[in-house]
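Working notes for the structure below.
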Amino acid sequence: MGVFAGALAIGGGLARMLDRNPACQTSLDLVVLSAASFKAARTLARDEVTSFIRQPFVRGEAHEGGEEPVEGGYHQAIGELVTCSRCAGTWAAAGLATTQILSPRFGRLLTWSLAAAGANDFLQAAFAALTSASED
């Protein structure tokens, strides 16, 4: 929690130093940030492509869906963070929001790309459900 709060404080300090105004964010920015945070968190916590990030902190295999945090110390704490999509989502949202404020062009590009990928996940799942239902 201290690292999280400290990182946000540093981001806020940099925003003030660079004269960036977080109040310029709109309701649409919040919606897009929410979708982007969802996608970033799911990718970090669940996808096989990011298993190399989780690997030092978990037991089990990513493709088997059986990753569990290792026992003891900071490895366990990080393991719990990187296997929990809700936890990773909080960090992802903070990072994406800070990026949008400190580097608006890059931040928006990153956030909108992740949001589009998240929307794609929902559309693919809906399409699969519809085709499965029509086959029954």
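Closest approach of Ala92 to Ala40, counting heavy atoms only: CB-CB, 3.8 Å. The two residues Ala35 and Ala115 come nearest to each other via the heavy atoms CB-CB, 3.8 Å. Nearest heavy atoms, Thr111 versus Ala36: O-CB, 3.3 Å. Nearest heavy-atom pair across Asp121 and Lys39 is OD2-NZ, 2.8 Å. What you find for Ala94 and Leu8 is that their closest heavy atoms are CB-CD2, 3.8 Å. Closest heavy-atom contact between Ala88 and Ala41: C-CB, 3.9 Å.
By the 6.0 Å contact criterion, CZ on Arg108 is open, its count of non-hydrogen atoms from other residues, nucleotides or ligands being 12 or less.
Residues Leu28 and Leu33 do not share a hydrophobic cluster, defined by chaining ILVMFWY side chains whose heavy atoms lie under 4.5 Å apart. There is no path of hydrophobic side-chain contacts, each under 4.5 Å, that joins Leu30 to Leu109. Hydrophobic clustering, with ILVMFWY side chains joined whenever heavy atoms are under 4.5 angstrom apart, groups Leu102 together with Met17. Hydrophobic clustering, with ILVMFWY side chains joined whenever heavy atoms are under 4.5 angstrom apart, keeps Val70 apart from Val82. Hydrophobic clustering of Ile, Leu, Val, Met, Phe, Trp and Tyr side chains at less than 4.5 Å, counting indirect connections, keeps Val49 apart from Leu44.
Side chains of Thr50 and Asp47: no donor on one and acceptor on the other come within 3.5 Å.
With hydrogens and angles disregarded, a donor-acceptor distance shorter than 3.5 Å links the side chain of Ser51 to the backbone of Glu48. Panel note: side chain Arg42, backbone Gly118; no donor-acceptor pair is recorded below 3.5 Å. One N or O on the side chain of Thr131 and one on the backbone of Ala128 form a donor-acceptor pair closer than 3.5 Å.
Atom-to-atom distance recorded for Arg54:CZ and Arg46:CZ is 8.5 Å, nearest 0.5 angstrom. Between atom OG1 of residue Thr98 and atom CD1 of residue Ile10 there is a gap of 10.5 Å, rounded to the nearest 0.5 Å. To the nearest 0.5 Å, the span separating CG on Asp29 from CG on Leu96 amounts to 12.0 Å.
Between Glu67 and Arg59 there is no salt bridge, since no side-chain N of the basic residue sits under 4.0 Å from a carboxylate O of the acidic one.
Within the structure, ring pair (Phe, Tyr, Trp, His ring centres under 6.0 Å) contacts touching residues 76-133 (residues at least two apart or in different chains) are Phe4-Trp91, Phe38-Phe122.
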- side chain to side chain contact (heavy atoms under 4.5 Å, CB included) assessment of Cys87 paired with Glu80: CA-CA 8 Å; Cys87 305; Glu80 290 177 6; over 6 Å; no
